[in-house]
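Any value given below was found using the heavy atoms of this structure, including those in side chains, with hydrogens, waters and symmetry copies removed.
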Amino acid sequence: MDEEEIPVVDTQSLTIKIANSGQQKLTATSSPYNSPSLISPPSSAFVSALQSPYISPRATLVTNPTQENQETLVASLTSVVHPSPPVSYCGSQSDDVPSTSYTPPPERYDFSDDPTDTKLKIVTCVPVSGPETDPRISFSFPVPRISFAKGSVSPASNAKLRSCDVYIGFHGQNPNLVRFCKWLKSELELQGIACFIADRAKYADNQSHEIADRVICSVTFGVIVVTGCSFFNHLSLEEIRFFAQKKNLIPLFFNTDANDIASLSNRNGDTKKCKEALDVILKCHEFRLETDESNWRSCVSKAAGILRAKLGRKSVVEKCTEGFEELPFPRNKSFVGREKEIIEIETTLFGCGDSFEQESAVPSVKGGTPGQSEGLADDESEADVGRGKYINLELGKNKETNKEAWVERNSLKRSKYKKSRSGKDKNLSMSVVCINGLAGVGKTDLALEFAYRYSQRYKMVLWVGGEARYFRQNILNLSLNLGLDVSADAEKERGRIRSFDEQESEAFKRVKREMFRDMPYLLIIDNLETEKEWWEGKDLHDLIPTNTGGTHVIITTQLNRVMNFDPLQLQPLTTPDAMILIRGRRKKEYPAGEVEFLHKFDEKLGRSSFGLWVVGSLLSELAILPSALFEAVNQVPVEETTSCSNLSIPHQQFCRTNPFLMKTLIFCTTLLQQSSDSRDSVASRMLQVGAWFAPAPISVNLLAAAAKKIPVNTNRFKKWTKCMKVALCFYSGHCLTSQAWKSEEESALLLVKLGLARKANRQTGCWIQFHPITQIFAKRKDGLVAAKANVQGARKLGNPVTDSDHLWACAFLVFGFKSEPPVVQLKAMDMVFFIRKTALPLAISAFTTFSRCNSALELLKVCTNVLEEAEKSFVSQIQDWCHGSLCWKKKLQSNQRVDEYVWQEVTLLKATLLETRAKLLLRGGHFDSGEDLCRTCISIRTVMLGHNHAQTLAAQQTLAKLVRMRSKI
């Protein structure tokens, strides 16, 4: 390119104030801070943003400049000019524009009133009057933006220049505003759009301002989050006017609208600039966005879609989360009460945002920690930002702060000095809430209702079952919702092979990193049983970090204390709310005499929300009077409520302390057995097998398959049932017991209608989940038959991915784990089928999909040991036959042939397990152990199948790989 084609930059417009010397026009080559980040290299192919006619430096010296200082200032404004490509909506580009990850070190300056002090003086970001304190104008609006080059450069050079695509500007101390802006930034970055977010009014050093100025001049679009405070801050007005002039402004109204802004702008002293900015915003009909607390998620998604389309980016492939719903259950339409608790949770998590703004309107004194925004501040400064501490040296001249205080005082909606349970101000929001209460008091319902009410404030709601055995797997299951790959390392010939502990730790940390960052998630851990992880004994602190980022955590538990958090003690419902709940879905009004029986139910059930809901469901479905239902429930024998042979000691204690609740559930069980087409209905058998499944949603198909394995037996409550049936038929207009349920789904929904289970949200099929108290009750008697049916049903239809919790529950029943003995005893052939169809696929899926390496190998080892015990029993039988008489040999000869077939299947399956374990050990670098297992497998297959059999040859290939990898160590 010829030199005459390069436009000449007018350096006359660049001025720096020097105290006591007037204005001097200078040309310089280095930054006054001697910062490498602010110096353009001599080979850069662009004009530095510091030379832009739209940015003037902020440094103000307080003494007469020495020759050395003048040389430094001269050097700060000199650089070599090279061609720069024209970019739409961008102006000049700069290679020294910082990326979003750049964080200049926070500096503290000593301030002095001595006019001879040569230290830099930090100018306040608020405009005040006076010749020496005139506000710095970052952008020169009357001068149109021009391109400094007419030629073109390579795509690689152009990509290098474009460090940021979008600038997100905001102003205010409301923590919810900061939370929303960080969410918007994270979402845009997820879409591949580089962002820079800043509240420039918090900047207390020149370097931060200069970095932000260059980013503003270089970005393609500017998203300005408009609040009531924005029009009282000259920097926000400056951003709006600048991006509007470039025609790349996207205004986003946060908890306000154009009418509110118009009324507030009239109170600003600089009415002309306010009206100009307001007119600009009101003309942005195409891109203008509005959000309040009810549509944060929708607004963020819409903003990302607009910017992605305007930037010409291809739509990012959404993470694969099909088939996984955010919330496990539909919203409870009959939810009553708990408004006080919901407000307390909201205040704890979100704080009193308006209180923040009001307190922050009063600037802190000199020496306070300077607040900085995302992209220029580290994580440790976030707490200071939330408290609104920033340096302001012009306290006596701060006029705009008073105007902002007027806005914030008028927006105050909650009390300013409420105290939390821990004694801290409630406007200082926390990120973890622990809800404590007795079983059945309504902890899950409260968490579910909060999630539905405030789901728009989160990117996603993540629901995790907190039961000890399944907690680790439930955490890893979140990878499916989040679209993360937590699979184990594949086989590799080269490179370092990570240990199993490292692979498991990395998978866990990957989920943890995704959950606890600026992207806001709501993590609900329901029914946490213990703080110690069941498999490895790890503490809950390993999951929930001190800084949870934008994520909020709600824990429901019966534990008195979790992680030193002060729990929210959930008390039973008040009497008016209890009366609403016990009336059921139909909310039927009863005469005074019948209302008295409702109060009796409330008293006998101990105001348990679960018990009240079951009674209300019975009243609604049976159309029976409360007095008749109370009489029928009272007919249940007392001894039936105290029989708890199959329960643990804590569960036995629960049943004994809640006898009337047990009577009510026995009444429901007997009611289910009164189907017109069979003595034991499908719903009753579903209830029995459901007790032995994991506390997670169950597919109706899986539940029905297990229920069909339970044999039909006689009714244990025969005499009492006759009395109950007469009473029900006499009082009921349409008796539930007379209905014939035609399908398995209807049988499962009957359990939901009676309040014993919940319907679960799944995209395919019908899923339900039993209440924990229902599962405790159903295990009381005849548990072994139902447990065996559970195992058989899971073997038939269980899916290792969607039903992993239930398959693990079956494995616990068959093998037992740790100190727990097996519950179900299977015959040899049944054991072969179970291992082949259930245990082996479950272990492989847990290893490969979720990196549960040690758990999977432990399961395979247990399976191998069980098969070896079966082999020993066969050998023992053969030895007995060999030492017996000839007549005994002849009698047992037919059975002996059958045993030989089963023996062969057991041995071949053992070889398969050995080979599988060897392959998995190879991925963790355990070559010696894998080699021993693989040699044993080859020996078995050589004897059973032959040298040239395909399975034998496959095992030999695995052995060769193990030997080759071991030799490389």
Taking side-chain contact (heavy atoms from CB on, under 4.5 Å) as the definition, give me every residue that meets it alongside T657, ordered by chain and number, with sequence neighbours left out.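 Checked T657 against side-chain contact (heavy atoms from CB on, under 4.5 Å); matches are Q653.
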Restricting to side-chain contact (heavy atoms from CB on, under 4.5 Å), what partner residues turn up for A707, sequence neighbours left out?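 A707 satisfies side-chain contact (heavy atoms from CB on, under 4.5 Å) with R685, M686, V689 once adjacent residues are dropped.
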Identified ring-ring contact (aromatic ring centres under 6.0 Å, His included) counterpart of H771 within the set F777, W613, F610: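 Exactly one candidate clears the test, F610.
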Are K919 and E915 ion-paired here, with the side-chain N under 4.0 Å from a carboxylate O? yes
Below 4.0 angstrom, N of the basic side chain to O of the carboxylate: do R331 and E449 qualify? yes
Should we count CG of L540 as having more than 12 external heavy atoms under 6.0 Å?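 For L540, atom CG is crowded (more than 12 foreign heavy atoms under 6.0 Å).
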I need the minimum non-hydrogen distance between F471 and G465, along with the two atoms involved.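 The pair with the smallest heavy-atom distance is CD1-O, 3.4 Å.
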NZ or CZ of R472 within 45° of F508 ring axis and under 6.0 Å: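 Yes, a cation-pi geometry holds between R472 and F508.
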Please tell me whether E467 and N527 have a donor and an acceptor in their side chains that are separated by less than 3.5 angstrom. yes
Just by distance, no angles: are the side chains of N477 and Q473 close enough, under 3.5 Å, to form a donor-acceptor pair? yes
Taking the six-membered ring for Trp, are F812 and Y470 parallel (under 30°), tilted (30 to 60°) or perpendicular (over 60°)?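 The rings of F812 and Y470 sit tilted, inter-plane angle from 30° to 60°.
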Kindly state whether the ring of F500 and the ring of F847 have centres lying under 6.0 angstrom apart. yes
Heavy-atom donor-acceptor pair, S620 side chain to R585 backbone, under 3.5 Å: yes
